[in-house]
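All values derive from a computational prediction rather than experimental measurement. Letters A, B, ... mirror the listed sequences (proteins, then strands); counts begin at 1.
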Amino acid sequence: MINRQLKFAEAIHEAIDICLDGDRSTYLMGLGVPDPIGVFGTTKGLQEKHGKKRVFDMPVAENAMTGVALGSCLVGMRPIMTHMRLEFAMTAMDQICNQAAKWHYMFGGQSKVPLTIRMLIGRGWGQGPQHSQSLHAWFAHIPGLKVVMPSTPYDAKGLLIASIEDDNPVVFFEHRWLHNIHGPVPEGHYTVPLGEPRIVTEGGDVTIVAASYATLEAIKAGRELEREGIKAEIIDLRTLVPRNDAAILASVRKTGRLVVVDQGTLTGGFAGEIVARVTEEAFGALKAAPIRVALPDIPTPTTRALSNYYYPTPRHIIAAVHRTLGLTSRDGGDDPWAGIEPGDKTLDVPDKSFTGPF
Amino acid sequence: MINRQLKFAEAIHEAIDICLDGDRSTYLMGLGVPDPIGVFGTTKGLQEKHGKKRVFDMPVAENAMTGVALGSCLVGMRPIMTHMRLEFAMTAMDQICNQAAKWHYMFGGQSKVPLTIRMLIGRGWGQGPQHSQSLHAWFAHIPGLKVVMPSTPYDAKGLLIASIEDDNPVVFFEHRWLHNIHGPVPEGHYTVPLGEPRIVTEGGDVTIVAASYATLEAIKAGRELEREGIKAEIIDLRTLVPRNDAAILASVRKTGRLVVVDQGTLTGGFAGEIVARVTEEAFGALKAAPIRVALPDIPTPTTRALSNYYYPTPRHIIAAVHRTLGLTSRDGGDDPWAGIEPGDKTLDVPDKSFTGPF
Amino acid sequence: MPQESRLALYRSMLKIRRVEERIQALYPEGDMRCPTHFSIGQEAVAAGVCKNLRLEDHVISAHRSHAHYIGKGGNLRAMFAELYGKVDGCASGKGGSMHLIDLSVNFLGCVPIVGSTIPIGVGAAFGAMLQDHAAITVIFFGDAATETGVFHESVNFAAVHRLPVLFVCENNLYSVNTPLDVRQPGNRTIAELARGHGIETSQHDGQLVETVDAAVVDALAHIRNEGGPALLEFITYRWLEHCGPLGDLHLGYRTQAEFDSWATRCPLRLYRKVLEDNRLIDDAAHAAMDAKVAEEIDDAVAFARASPFPERSELSRHMFA
Amino acid sequence: MPQESRLALYRSMLKIRRVEERIQALYPEGDMRCPTHFSIGQEAVAAGVCKNLRLEDHVISAHRSHAHYIGKGGNLRAMFAELYGKVDGCASGKGGSMHLIDLSVNFLGCVPIVGSTIPIGVGAAFGAMLQDHAAITVIFFGDAATETGVFHESVNFAAVHRLPVLFVCENNLYSVNTPLDVRQPGNRTIAELARGHGIETSQHDGQLVETVDAAVVDALAHIRNEGGPALLEFITYRWLEHCGPLGDLHLGYRTQAEFDSWATRCPLRLYRKVLEDNRLIDDAAHAAMDAKVAEEIDDAVAFARASPFPERSELSRHMFA
Ligand SMILES: Cc1ncc(C[n+]2csc(CCOP(=O)(O)OP(=O)(O)O)c2C)c(N)n1
Ligand SMILES: Cc1ncc(C[n+]2csc(CCOP(=O)(O)OP(=O)(O)O)c2C)c(N)n1
Ligand SMILES: [Mg+2]
Ligand SMILES: [Mg+2]
């Protein structure tokens with residue numbers, strides 16, 4: 001039992017700090033990294049501690065700076081890059097996906113690219129179409145990248161250290177609404193291996209697969225379902241690539257039912273990959289159609305009047321579980337949005353302490 | 001019965017020509033568009049015919065030039081952009097996916113972006129890691145984009161005209177190994193509506209879904225299967241977004257078996273989306289696990305000794321059909337690669353006339 | 001400059017200032033739930049540039065766009081309604097502060113990805129040229145935008161095609177909380193950087209609205225007469241935090257002394273003094289002007305508050321044209 | 001310049017020329033199945049630059065990279081094996097002509113996405129600086145690469161951090177079949193464009209190898225003494241088609257007259273004349289030099305042909321480090 005409680009953001013901070021301490025070739029760069037706010041606290045004070053040569057800001061030039069990070073790997077460095085929003089890194093897709101992802105392979109394994117790229121996923125007030133996309137499915141589709149999506153402070157620290165120490169490019173997702181959650185975090189160095197999902201709660205009635213912030217929503221749904229007597233086995237993917245599917249397949253073989261929750265949009269999203277994979281591998285065990293709970297295929301609207309109807313809630317997960325259990329007709333059942341007012345001010349905050357907008 | 005035979009590349013050329021003729025706001029730009037080779041013949045002579053103001057080359061600056069195209073839409077233009085390889089447009093993901101895709105929605109429908117972006121997918125000699133990726137799954141995952149992937153000259157022309165005339169951004173895929181295939185193409189203006197798959201062959205034993213070049217491989221497999229007495233219903237998606245799944249679902253309800261063939265890599269690819277969708281919607285009809293036939297999760301190797309073992313062949317589709325029909329054990333059956341030599345010179349050419357490298 | 005023009009210049013700055021002060025006052029109520037970037041301290045650039053534009057000329061901006069929207073004559077009611085996320089917002093509530101638009105005055109839009117509207121503005125000019133329109137396009141952006149590759153790609157294309165584009169860089173010395181010297185070399189200005197592309201560029205004091213005005217007059221004449229783009233760099237300073245309605249001196253990334261030296265160079269104060277010295281305005285006239293502006297703002301805020309939220313069905317509207 | 005240095009310069013050009021001529025001769029057999037970009041006509045740049053580099057200095061290049069690989073001393077056997085797609089290729093066959101690499105001589109690699117290796121080269125210099133290495137990084141690219149945004153982003157970063165980078169632009173007047181004037185404005189050179197970033201730049205004749213050499217000596221001295229990057233633009237000309245072993249005058253995008261005027265300025269011919277005039281070489285010595293080069297090439301080709309193809313199991317190897 002670990003008694004030490006840290007915020008997710010603090011766990012990230014500690015992981016980076018430990019890696020900077022442990023390996024002189026590690027450095028950290030990104031817009032705002034050394035500024036007084038320090039990327040929502042995750043990089044605060046690190047420049048003061050580790051020096052300007054190892055922790056620094058950069059020009060607004062995400063594509064070139066990714067190339068710079070990659071180039072430095074070729075002479076032995078181990079960079080960590082930080083993007084305050086995933087969208088900023090969309091200018092860097094060539095360097096991330098054509099260069100960093102493929103460099104090791106396309107030169108026959110001669111160079112390695114131990115580059116970790118932190119991507120923050122926005123949610124909050126009016127983050128809107130260009131500050132909120134969770135495009136983990138994109139990166140998972142590029143061979144050569146590892147994709148990591150923790151949901152707890154413990155995993156955040158252990159997986160980030162593992163990512164930084166990994167000799168390959170890793171894209172590390174941090175959902176903004178996770179930064180302030182608390183959880184037990186051991187002191188010092190430890191790693192959580194890339195590739196192993198975590199069984200959050202055991203249950204025999206239905207398997208719920210999620211990752212990153214969606215895991216929290218799944219857990220909330222699971223609590224509610226438990227009250228109804230439905231026991232969900234909730235599995236937190238933790239990493240999309242690499243990914244050992246044994247736990248998921250074993251779970252579905254037990255429950256026969258699958259709901260996948262994704263913080264990205266539906267079509268072409270990673271939930272589809274999980275559904276496809278499970279269906280291919282455990283078809284005989286499935287008792288009902290799997291269901292995806294994901295964002296609709298719509299850009300994120302800015303006004304909360306619409307974003308309140310955009311992000312699925314635990315109620316949606318519950319409704320999906322009910323459907324897969326045959327408790328409601330496939331398309332029927334309660335409208336999970338029922339009773340929500342456009343002006344509602346509880347759905348666009350992660351908790352009461354949130355004062356917006358980022 | 002249409003007697004006029006054109007090459008796929010000629011059909012593309014004709015579509016562009018007709019649109020330039022028909023609408024003064026249409027223009028065509030891209031690297032090499034007016035050069036003597038004319039993007040594998042698809043743009044040859046168009047500058048001479050339509051003038052330098054409507055058909056022109058550009059600097060190597062794909063990101064800005066996409067923005068330029070988008071900006072011109074805001075004042076009433078209807079641009080066509082051409083990328084000789086999809087990878088070149090990976091520098092333009094911000095403009096394509098953050099700006100063009102969302103512009104109409106995020107400004108409440110006030111402006112429209114009738115921009116068509118042609119993306120050529122490389123295959124051939126040593127196209128390698130950076131000249132061969134078919135990332136249609138990426139674009140299909142971005143709400144606001146339409147994604148079109150023809151496999152015949154008829155559809156190439158009809159869908160390209162429909163794409164250009166569509167008031168939304170459309171990403172239009174042309175696999176290089178399609179450019180030289182022949183097929184019937186009517187003269188003059190016609191459109192093929194975006195969103196409707198095409199049933200290539202009817203059959204009751206198994207549904208094979210494909211798009212773009214993969215459709216040709218599926219057809220080859222279908223012929224072989226027919227000889228074995230297995231009747232495949234082959235469905236050519238034609239467009240990934242929008243997409244009316246009625247035909248696919250009806251087919252699976254008939255056959256109970258699904259094989260999806262994809263010219264992209266497996267994980268996070270669009271084949272998974274189709275499998276997920278069909279499983280969600282037609283679970284009860286499925287008699288066996290669906291199977292995806294896609295590229296392995298590996299960057300494209302350059303040497304043919306490895307690319308010969310990289311691209312799935314009709315034999316792989318046949319093996320998948322056999323598996324889903326229970327004719328071979330799930331993992332057993334013949335190795336589709338058996339008998340292929342590393343130095344084989346038939347697998348890295350679309351036909352005998354091909355002299356490489358592009 | 002004619003007396004009325006001088007007063008109009010001041011009025012434009014005053015309106016920008018007062019609108020932003022009102023947002024500042026209302027924002028803490030928690031009903032404008034979107035990231036909001038203020039131009040307080042930088043008003044002279046928007047006012048000085050927009051004074052010289054015709055209705056048909058295009059303007060496009062980025063994340064810090066209120067001033068440009070107002071300067072170009074954007075609808076105030078629609079702006080406030082947008083900030084409140086209402087259906088009558090200029091983007092139907094879908095955009096928020098970072099996505100203002102008013103096509104009736106050819107304010108084409110803005111987006112918060114740094115640099116991204118620069119090529120789009122160039123494209124608007126290009127499209128106009130293809131249609132033989134005489135419209136000029138003004139693109140507003142900050143100092144950090146000149147670090148993006150897309151800025152250079154855009155300037156190059158505008159230079160090749162000699163497009164009627166006025167690039168306006170508001171160099172306020174910071175990108176978020178990061179000073180210029182860790183982002184750009186100290187031995188060249190942004191004007192010099194852009195001059196490398198073979199276009200007309202110059203650097204000016206961005207606090208003196210008549211200096212801005214004169215620079216713009218020259219640049220527009222160049223664009224019209226010689227054809228081809230120009231870039232103006234204006235040195236200015238943001239008073240509030242990068243995003244949001246508060247001050248941020250407590251953060252320590254800039255000094256009180258630096259702030260004070262800029263605060264004394266408030267573009268409104270400096271220009272009011274000029275007008276007073278020239279007896280074009282006195283306290284009473286100023287109060288009257290202020291009252292009229294306040295009235296317009298009151299009306300816009302009332303309108304915005306009264307406007308309904310978009311209905312749930314609006315979520316899937318505007319997906320495709 | 002010492003006699004041996006002059007002969008070495010010539011020998012370097014000759015080797016590059018002969019290797020490419022051999023590829024040209026063999027390519028039509030259809031066994032080198034990868035896109036191949038030749039530098040015939042442009043040898044003086046690679047030879048003149050690489051002569052001044054130490055083993056520890058880094059070189060990175062783009063799609064047209066044979067000359068740079070050879071100039072830096074890259075292994076010839078491994079290069080030919082790579083072109084043949086063999087397991088002994090410098091990238092195990094996984095890369096082909098567009099992905100040459102030889103880490104034993106600090107030739108870091110090359111990729112065909114235009115502009116993409118520029119920041120990577122800057123990163124190598126940055127990484128070396130972080131580790132207090134004295135290595136200089138040379139980045140080779142073409143005229144079109146200066147149109148990409150990433151070029152400017154990279155130069156800016158190198159300028160801010162005063163990195164020991166030599167940017168070498170081989171301006172051969174074309175990007176594929178597209179001339180410079182539809183891509184870049186005519187009123188500035190690439191050297192002037194880059195000078196906007198506040199770095200040391202100059203333009204030179206790329207056909208005269210001693211001119212190249214002298215420019216590089218100066219630039220390296222500047223980098224070593226002043227710290228901070230420099231850019232050299234060399235005007236040169238490609239003889240063959242953009243990609244592939246053939247001529248392309250029949251396409252008509254360039255004229256015979258233009259071609260002829262450049263062909264007479266063949267860097268090898270011009271320099272051989274200088275050496276002959278200075279009695280440093282005669283026909284016999286030249287033939288001997290040529291024979292030695294041919295021998296090395298014969299060996300490399302034989303090695304490459306004898307090398308086996310990678311086995312099927314190699315497909316999934318090297319996926320992760
Ligand atoms: C591509 C990209 N990277 C980073 C950001 C985060 N960001 C938002 S505003 C901003 C500062 C821009 O500074 P500047 O262009 O000088 O404009 P200012 O805010 O000073 O007016 C940054 C870095 C972004 N929006 N887009
Ligand atoms: C981003 C990108 N766009 C387009 C291409 C296609 N392409 C390959 S080589 C080339 C020409 C490059 O010209 P230049 O940089 O002058 O080099 P040169 O071939 O003349 O040596 C182009 C446009 C590419 N490889 N990458
Ligand atoms: Mg600024
Ligand atoms: Mg060139």
Side-chain angles (χ1 to χ4, degrees), chain B residues 29-39 52 56-65 84-85 87-92 94 122 124-131 296-310 335 337 340-345 348-349 354-358, chain D residues 27-28 30-36 63 82-87 89 91-99 111-116 142-151 175-179 182-184 242-244 248 250-253 308-319:
Chain B
M29 75 168 162
L31 292 173
V33 155
D35 90 2
I37 295 167
V39 189
K52 292 193 171 184
F56 46 87
D57 216 311
M58 63 181 215
V60 180
E62 285 83 357
N63 195 28
M65 294 314 300
M84 290 231 222
R85 286 292 177 274
E87 282 86 349
F88 308 160
M90 285 171 74
T91 59
D94 172 55
W125 291 0
Q127 297 296 293
Q130 302 184 341
H131 278 59
D297 293 323
I298 298 176
T300 316
T302 300
T303 175
R304 73 181 184 284
L306 297 179
S307 73
N308 280 347
Y309 300 117
Y310 179 72
D335 175 9
W337 300 118
I340 291 170
E341 294 295 321
D344 181 282
K345 288 185 178 180
D348 67 347
V349 293
F354 186 85
T355 55
F358 287 117
Chain D
Y27 195 85
D31 288 318
M32 292 178 182
R33 287 163 102 100
C34 60
T36 305
H63 57 288
E82 190 60 36
L83 293 176
Y84 278 109
K86 299 300 186 66
V87 73
S92 307
K94 281 171 170 155
S97 160
M98 306 196 293
H99 297 283
V111 306
I113 306 293
V114 172
S116 294
D143 42 291
T146 67
E147 295 150 22
T148 67
V150 78
F151 164 72
S175 166
V176 193
N177 306 332
T178 305
V182 307
R183 303 180 284 118
Q184 299 187 26
H242 165 67
C243 180
D248 67 359
H250 63 284
L251 291 177
Y253 72 88
F309 281 116
E311 296 193 7
R312 184 176 154 193
S313 61
E314 285 287 305
L315 178 63
S316 52
R317 231 182 111 203
H318 304 136
M319 263 313 295

Does any part of the side chain of [Y], heavy atoms only, come nearer than 4.5 Å to the side chain of [X], both counted from C-beta?
X	Y	result
His99(D)	Pro129(B)	yes
Phe56(B)	Val182(D)	no
Asp31(D)	Lys345(B)	yes

* What part of Tyr309(B) is in contact with chain D, defined as an atom under 4.5 angstrom from a non-hydrogen atom: side chain, backbone, both or neither? -> both
* Asked: Is it the backbone or the side chain of Val33(B) that comes under 4.5 Å from a heavy atom of chain D, or both, or neither?
  -> neither
* **Region of Gln184(D) that comes under 4.5 Å of a non-hydrogen atom in chain B** => neither
Using a cut-off of under 4.5 Å for heavy-atom pairs, which of [options] has the most such pairs with chain B?
options	result
Pro308(D), Pro112(D), Cys243(D)	Pro112(D)
Met32(D), Arg312(D), Arg183(D)	Arg312(D)
Glu82(D), Lys86(D), Met98(D), Glu311(D)	Met98(D)

* Structure fact -> In this structure, OG1 of Thr302(B) is separated from CG of Leu83(D) (nearest 0.5 Å) by 10.5 Å
* CZ-OG distance between Phe88(B) and Ser116(D), expressed to the nearest 0.5 angstrom -> 10.0 Å
Over all heavy atoms of both residues, which pair between [X] and [Y] is shortest? Give the atoms and the distance, please.
X	Y	value
Gly30(D)	Trp125(B)	CA-CH2, 4.3 Å
Pro342(B)	Pro310(D)	CB-O, 4.3 Å
Ile298(B)	Met319(D)	CA-SD, 3.8 Å
Glu87(B)	Ile113(D)	CB-CD1, 3.8 Å
Gly343(B)	Phe309(D)	CA-CE1, 3.5 Å
Pro357(B)	Cys34(D)	CB-C, 4.0 Å

* To do: Output all residues satisfying side chain to side chain donor-acceptor pair (under 3.5 Å) with Arg33(D), sequence neighbours left out; order by chain, then residue number.
  => Asp348(B)
* Structure fact -> Ordered numerically, the heavy-atom neighbours of chain B under 4.5 Å found in residues 144-151 of chain D are Ala144(D), Glu147(D), Thr148(D)
* Asked: Of the listed residues (Thr303(B), Asp57(B), Ile340(B)), which shares the most heavy-atom pairs with chain D below a 4.5 Å separation?
  -> Thr303(B)
* With respect to chain D, which residue among Asp35(B), Asn308(B), Asp297(B), Ile37(B) yields the maximal number of heavy-atom pairs within a distance under 4.5 Å? -> Asp35(B)
